[in-house]
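Counting starts at 1 for both ligands and their atoms, in listed order.
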Amino acid sequence: MEFLKNSLLDLITETSTNLPPDVRAAMAAAGPVETPGTQAAQAFAIIASNVDMAASGEDPICQDTGMPTFFIRTPVGTSQIEIRTAVCEAIAEATRRGKLRPNSVDSLTGRNSGDNLGEGTPVFHFEQWERPDIEVRLILKGGGCENKNIQYSLPCPLEGLGRADRDLEGVRKCILHAVWQAQGQGCSPGALGVCIGSDRAYGYALAKEQLLRTLDDVNPNPVLAELEARIMGEANRIGVGPMGFGGAVSLIGCKIAAANRLPASFFVSVAYECWAFRRLGVRLDAASGAITEWLYRDPARPVERLAKAEGLPLSGREIHLEAPLTEEQVRALKVGDVVLIDGDMYTGRDAVHAYLMKNAPPVDLRGAVLYHCGPVMLKQGDGWVTKAAGPTTSIREEPYQGEVIRRYGVRAVVGKGGMGAQTLAAMKECGAVYLHAIGGAAQVYARAVERVAGVHLLEFGIPEAMWHLKVRGFLAIVTMDAHGHSLHAEMEKTTGAALAALRDR
Ligand code: SF4
């Protein structure tokens, strides 16, 4: 199959860089629902620009290019071993070209393999079918939304919703709870794949498989179709909104399957997918490996722009900050302010935060802006080029962040999804803020990086290293300030009340 590797490389590249039409359509319909001038509307506008930038530059939509998960159907007699080898070669090549971030980490040593290959990576689901051609479908689902997957074992109590029993009403409560518990941490608005029943492991697999359905299809099972429609209406009344900023659109899709279960078990498994819903597929000629058909899209139809206007949606009221920052600058900020940052930023996520608990930082962090980000970087000559650089989910650093602020004098933490009470207390005590960037907007933020000034701790791998970035016009919203206010704590309360109102309907 002489064309197989190149066909797979095309599939991987297109999946990472070009949002499928059904997701574009859902996002295009959702944006205008938000009130103009709100942070929710601003988030949609930035996301739309990001999607266009990624497609036109053939760059990753989001810096977290996820766990490559392949669903492959082959005719009888086709070598699955040959396909598996070609997929691995294509994955390694796509990583070299910066279309995928090196995302495969040895769970025992912490070492990043650097090419997205390793034990259990990528993920394969093979099936035989009776057609003469090969079908390959790919989902790239990132860690932020993967961490918001959730499984319920009924009957169970649910915060705000009371008891979920072993019936469709109990299932409804679980799905609504899944939307609420994700808040903005999975880069809402999200789409859900749900499985009612099965066992713990296969239930999750079937839930993820639902993400292969297009957002606009209708479930052939009328009971499930009705439940899906009902969830779409009710979930969007909870008010989480894009990025958890509050708003009318929390969900762009809900796809539910039901599978038989053991008499003793009743699981509801939920796969939470972010707005950067990267899923595509191809049909291949089984003799040559050449692409005969694209799934989910019509290549003859040009990609339509998502953004209504050029550039970032600015109001003129943005506050310009030059980093490093002073305590006075930071204490003047309050929740809701929109800032544009120029100057120095340092990335730091899980490995860096753990390192800082035992070691001094490799740079002076006094007044620093610390960016929760695992970028896609490509080496060019002696330097590095930023290919994608959006925020990662901040809550993972909650056990460390307060201590990092106190010890090293960090003045601003940039990330997405917000942080908790310990970080908020440290911010109040020391004078620091949390700045919310738009999750998944990796191209918008890559273009705010003027240059990469250096890199430290590269032994942690590209996503986990501490990158020194020189930025200009980096847009973020203050969602936790030095006066003890947190939009995230506030949103959890108000959306919790809205969730409780859906308890018995
Ligand atoms: S959009 Fe958000 S949740 Fe999705 S892959 Fe990117 S960072 Fe992760």
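- Partners of Asn147 by side chain to side chain donor-acceptor pair (under 3.5 Å), not counting sequence neighbours: none found.
- A salt bridge does not link Lys255 with Glu273: every distance from a Lys NZ or Arg NE/NH1/NH2 to an Asp or Glu carboxylate oxygen is 4.0 Å or more.
- One finds the SG atom of Cys62 at 11.5 Å from the CG atom of Leu19 (value rounded to the nearest 0.5 Å).
- Checking side-chain atoms of Asn236 against main-chain N and O of Ser250 turns up a donor-acceptor pair under 3.5 Å.
- The residues lining ligand 1, counting any heavy atom closer than 4.0 Å, are Cys62, Gln63, Asp64, Gly142, Gly144, Cys145, Gly186, Cys187, Cys274, Ala276, Arg278, Pro391, Lys416, Gly440.
- Every residue meeting the ring pair (Phe, Tyr, Trp, His ring centres under 6.0 Å) condition with His353, not counting sequence neighbours, appears here in chain and number order: His372.
- Residue pairs meeting the side-chain hydrogen bond (donor to acceptor under 3.5 Å, both in side chains) criterion with at least one member in residues 19-36, sequence neighbours excluded: Asn18-Arg24, Asp22-Arg279.
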